[in-house]
Amino acid sequence: MARPRIVIVGAGFGGMSAAHGLAGAEADVTVIDRRNYHLFQPLLYQVATAGLSPAQIASPIRAILRRARNERVILGRVNGVDKQRRVVRVQEREIPYDYLVIATGARHFYFGHDEWERVAPSLKKIDDATFIRRRILTAFELAEQAADAETRQRYLTFVVIGGGPTGVEMAGAIAELAHVALRHDFRTINPTDARVVLVEAGPRVLPAFPEALSEAALRSLERLHVEVQLGRAVSRCDEQGVVIGDQRLEAGTLIWAAGVMASSAARWLGVEPDRVGRVKVAPDLSLPDHPEIFVIGDTACVMDGKGQPLPGLAPVAKQQGAYVARLLRTKLAAAAPPSTFRYRDYGTLATIGRRAAVADFGWIRLHGTLAWLLWGLVHISFLIGFRNRLIVMLDWLWSYLTFQSGARLITGTEPP
Ligand SMILES: Cc1cc2nc3c(=O)[nH]c(=O)nc-3n(C[C@H](O)[C@H](O)[C@H](O)COP(=O)(O)OP(=O)(O)OC[C@H]3O[C@@H](n4cnc5c(N)ncnc54)[C@H](O)[C@@H]3O)c2cc1C
């Protein structure tokens with residue numbers, strides 16, 4: 001009898017976790033991704049601010065799965081699913097499946113202003129990070145050569161839009177780049193004159209964290225000389241700057257960290273998405289009426305015990321991938337399935353620069369250096385899960401602690 005075919009679309013946190021869980025299973029597993037590498041998104045902002053190099057936060061999918069002899073990898077962009085014929089469309093090809101796991105993540109969202117993307121790039125891919133890095137480093141170079149003070153100040157003004165974890169991390173890292181790493185590198189300008197503005201439409205930064213930790217994050221940002229503007233929405237972004245509320249601010253670099261939208265999976269599956277494009281799934285993460293299709297991670301809308309959708313976080317995607325793998329293994333063995341998916345929240349962390357972070361473990365809340373050390377430990381252990389532990393750890397620590405100049409390269413010419 002032919003072995004069941006399992007297709008996993010997306011090799012991010014959710015897809016890789018499902019693939020790991022199915023290694024050695026009595027099934028032929030195909031992992032499809034449009035990129036040939038798995039990306040550790042939580043440290044993308046470090047690439048964007050020249051703290052780390054791209055290869056330090058990404059690893060080839062084939063290398064990660066090389067020992068799973070029942071799994072193969074296809075590089076390609078999925079653009080549709082035929083639920084009736086049970087095939088996934090990858091460009092011109094069709095890949096048949098008996099079970100399908102969709103884990104294609106999310107992309108940025110400009111609230112109906114797609115034209116802002118060109119001037120206010122966001123951070124989702126390595127190409128975005130190197131593009132933003134180029135913009136930031138080039139801004140200092142242009143400021144060094146600026147003919148007048150007004151132009152110089154515009155180049156030295158950086159606006160980060162969105163006060164969630166990515167915006168806070170970006171703003172803190174740009175401020176540190178200016179105040180520490182670049183401090184002695186220029187002759188005409190003083191990089192510490194850089195103005196870093198973080199704009200958040202809501203009343204506080206890190207709105208998903210408890211209020212006391214938002215306050216702590218705000219104080220840490222201010223210590224780093226980040227100017228935080230709360231309760232003010234951006235109404236225009238262009239080449240020369242931004243309009244915040246009704247005030248114009250001339251700025252050479254804008255970075256978007258304000259909104260995300262799920263991948264196109266709902267369209268592929270022909271189902272009604274939720275407000276941010278996610279596919280509503282059953283408690284076992286399957287598509288209603290299609291027990292052979294599962295949607296996980298940032299692409300899925302899954303409710304927690306209080307009726308709230310689970311957040312778009314790496315641990316959520318990882319736990320869902322592991323759960324689906326367990327469920328599929330029971331199906332392959334014709335055994336009783338596990339009970340429905342339940343997310344275990346071990347805590348949430350966000351960093352603000354190199355010495356401060358906030359950590360919410362529910363039973364204990366931390367901020368400052370201790371939280372930052374924890375943040376570092378968690379990210380190192382997560383990151384090195386797929387590469388040589390010692391080398392990556394030393395490499396990462398060295399770059400991180402010394403502001404190694406190797407990553408401060410201006411590369412490429414075109415937008416991503
Ligand atoms: C800048 C940034 C910082 C973050 N920081 C944190 C953090 O500190 N802590 C935390 O817990 N979470 C963080 N997150 C969120 C976390 O990264 C996501 O929740 C997590 O990656 C979701 O996993 P996923 O498997 O659903 O999607 P992803 O990890 O995004 O993976 C999706 C995969 O699908 C592939 N794909 C997409 N479309 C297609 C297609 N059409 N065809 C083929 N392949 C496709 C992509 O190439 C990608 O490999 C951050 C996210 C970003 C962008």
Side-chain angles (χ1 to χ4, degrees), residues 7-19 30-49 57-61 64 73-81 88-91 95 101-109 121-129 132 160 162 164-170 173 206 208-209 255-257 259-260 262-265 267-268 278-279 285 294-302 310-322 324 343 345-351 357-360 375-376 378-379 382-383:
V7 171
I8 300 173
V9 186
F13 285 106
M16 287 311 279
S17 167
T30 302
V31 177
I32 309 172
D33 202 293
R34 62 187 173 188
R35 300 188 296 234
N36 79 330
Y37 55 85
H38 168 77
L39 175 63
F40 191 80
Q41 290 175 2
L43 287 178
L44 260 182
Y45 82 96
Q46 292 247 351
V47 174
T49 52
I57 65 159
S59 199
I61 299 163
I64 303 171
V73 180
I74 291 183
L75 175 68
R77 180 183 291 271
V78 168
N79 51 24
V81 173
V88 171
R89 275 194 287 275
V90 186
Q91 284 121 346
I95 314 276
V101 182
I102 299 186
T104 38
R107 56 204 146 91
H108 34 74
F109 180 53
S122 55
L123 198 54
K124 196 73 197 142
K125 307 179 294 227
I126 282 196
D127 294 335
D128 299 331
I132 290 173
V160 179
T166 302
V168 167
E169 286 166 354
M170 276 302 297
L206 300 181
F209 281 76
I255 294 159
W256 186 261
V260 290
S263 72
S264 309
R267 183 166 51 77
W268 302 338
R278 294 174 298 199
V279 175
L285 310 182
F294 299 87
V295 186
I296 60 174
D298 284 3
T299 290
C301 175
V302 181
L310 288 174
L313 290 173
V316 174
K318 285 184 84 150
Q319 289 181 29
Q320 291 178 342
V324 166
Y343 173 56
D345 183 359
Y346 296 111
T348 324
L349 295 146
T351 183
V358 291
D360 178 19
W375 175 89
V378 168
H379 283 74
F382 248 121
L383 177 65

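Positions are given from 1 along the sequence. Note that these values count all heavy atoms, side chains included, but never hydrogens, waters or copies made by symmetry. Atoms within a ligand are numbered from 1 in the order they appear, just like the ligands themselves.
Between the CD1 atom of I61 and the CZ atom of R35 there is a distance of 8.0 Å, given to the nearest 0.5 Å. Rounded to the nearest 0.5 angstrom, L123 CG and L44 CG are separated by 4.5 Å. The CZ atom of F13 sits 13.5 Å away from the CD atom of Q320 when rounded to the nearest 0.5 Å. Put simply, CZ on R107 and CG on D128 are 13.5 Å apart, with the number rounded to the nearest 0.5 Å. Rounded to the nearest 0.5 Å, atoms CE (M16) and CG (L39) are 12.0 Å apart. Atom-to-atom distance recorded for I74:CD1 and D33:CG is 11.5 Å, nearest 0.5 angstrom.
Within 4.0 Å of ligand 1, protein heavy atoms belong to G10, A11, G12, F13, G14, D33, R34, R35, Q41, P42, G76, R77, V78, A103, T104, G105, L123, K124, T166, W268, G297, D298, G312, L313, A314, P315, A317, H379, listed by chain and number.
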